[in-house]
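To start, the structure itself, in structure tokens.
Bear in mind that the values here come from a model prediction, so they are computed numbers and not experimental data. Per chain, numbering begins at 1; letters A, B, ... match sequence-line order. For the numbers below, each heavy atom of this structure counts, side chains included, while hydrogens, waters and symmetry mates do not.
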2 protein chains.
Amino acid sequence: MVSFMSPAADTPDATPPSPGRRGRGRPRKTADERDDGNRRQDLLRAAARLFRLKGFAATSTRDIAAAAGMRSGSPFYHFENKVALLAAVMQEGMERALVRQQAAMDAASAAARAQGRTLSARECLRVLVRNQFDLLLGPESDFIPVMLYEWRSLSDAQRSEVTRLKDVYELVWAPVLHALHASGEMAGDPGVARLLLFGALNWSAQWYDPARVGQGGYSLDELADIALQLFLKPPS
Amino acid sequence: MVSFMSPAADTPDATPPSPGRRGRGRPRKTADERDDGNRRQDLLRAAARLFRLKGFAATSTRDIAAAAGMRSGSPFYHFENKVALLAAVMQEGMERALVRQQAAMDAASAAARAQGRTLSARECLRVLVRNQFDLLLGPESDFIPVMLYEWRSLSDAQRSEVTRLKDVYELVWAPVLHALHASGEMAGDPGVARLLLFGALNWSAQWYDPARVGQGGYSLDELADIALQLFLKPPS
DNA sequence: CCTACCGATCGGTAGG
DNA sequence: CCTACCGATCGGTAGG
């Protein structure tokens, strides 16, 4: 890219605003869109996508602004600085994850209760694993991978807030894994087993291709089944 | 950091060379050190450490130069550009990994042969897993994590060369996993099982702390044992 | 391998 | 949220 401007001046933005252009430009915003937090949400979504794709350090705030249909300075109206935007992506991701994990467990529990029984530890694990694959690989799945792979860029204070949310998330897993260990369905120290299991699941963000589900690729349901077969011993 | 120089001029380097200083400066190099590829190796080691610690995009070539005891322009005498340095770290890491994996397998095979027997698939997996923990977490273990977590920064050509080496590395695992699957010691499609297993192992680079081995932390041997317990069914 | 430097980009800001 | 801009840093290079 060659700049024809004097070296002292920035190229103002990728596409300078030509007052006379018609249509085709940034879409006119209705009052609705402008009022609520849509613009902030747009920024978060764009940032999550780019941070996942290129990494935090390799993504410029200009890239994010452009992806959200803004000019280069505008993200700083919504976020104090670049790393605050990253922290917001992670917190948003973890809060969504917590909500969806709780909803998945509640739904499965209710279904079992309707049959007059309770969930086995094995069934709980299946629900948790399936839900985690969805968080990692399903639609709107940029937030969690960013949290997993970019936390070193946070400040200490931001990191401990994200860690707190992550601990709450993992709290649901602990009793399930302990029960499976106690019944002999899962071997190895449960603390280490949890870390190895999370590794197996989280790594899928690096290789899974949702586009291949039809052509020889496994669905998220099949993936969860395979993971459970691999990690659990046959019930006795 | 405040610069007192005119804005047109860079601060030449962190510590400008004062001709009169004695001792304490960059160590005088002997002819030996200057002749062979030591300086290039120093750069690779420094780059691996910093890329692992801060990530590729967040590490400047100046950081790397300083860590190797050079001035800011000198890395480009050894490497064409920054990403070529990253590619060299990864190739070096993969080549070492291949050598060490082969050596570990050969040593285990020889030991078994001395007892007049051959290795079981289970024993092979134990050797491979233990060796991978060493590559990821042992001494000089910066190269492989960089390869695992920074490959998106490579050009397509560089990426396919690293992928080729990685495929050779994984080629050793395939027959072992197939044998374990055939004997019923490992469940789930072997292709997916391999990805899940690698995930479990590779993720350890994110949480394992070698300093805690004495105080409640597991050694690499213990870790390998736990992983095998977790992933394999009892032998029949 | 160092010196001295360039052009580009980047995070961020004042003022509207 | 845009305009116009600043100061700093960064990858990289010519010449020795």
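- Using modelled atom types, one side-chain atom of B:Asp63 and one backbone atom of B:Ser60 make a donor-acceptor pair closer than 3.5 Å.
- Remark on DNA chain C: of its neighbouring residues B:Tyr77 and A:Phe56, the 5'-side contact belongs to B:Tyr77, judged by nearest-heavy-atom nucleotide.
- The phosphate of C:dT9 (OP1 or OP2) has no side-chain N or O of A:Ser60 nearer than 4.0 angstrom.
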- prompt: Going through the checks in order, is the side chain to side chain contact (heavy atoms under 4.5 Å, CB included) test met by A:Asp167 and A:Thr163?
  reply: CA-CA 6 Å; A:Asp167 288 344; A:Thr163 299; 3.8 Å; yes

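- Base pairing of C:dG15 is made with D:dC2, judged by Watson-Crick or G-U wobble geometry with both donor-acceptor distances under 3.5 Å.
- Using a cut-off of 4.0 Å between Lys/Arg side-chain N and Asp/Glu carboxylate O, A:Arg159 and A:Asp156 are scored as salt-bridged.
- Residue B:Phe76 contributes atom CZ, which lies 9 Å from atom C1' of D:dC10 at whole-angstrom precision.
- Atom CE in A:Met70 sits about 16 Å away from atom C1' in D:dT3, given to the nearest Å.
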Audit row: A:Gln206, B:Trp151, side chain to side chain contact (heavy atoms under 4.5 Å, CB included) steps and yes/no: CA-CA 11 Å; A:Gln206 306 259 7; B:Trp151 55 266; 3.7 Å; yes

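- Distance B:Glu80 CD to D:dA14 P: 12 Å, rounded to the nearest Å.
- The CG atom of B:Leu85 sits 15 Å away from the P atom of D:dC10 (whole-angstrom rounding).
- Look at CZ on A:Arg71: it is 4 Å from P on D:dT3, rounded to the nearest Å.
- Atom NZ of B:Lys82 and atom P of D:dG11 are 4 Å apart (whole Å).
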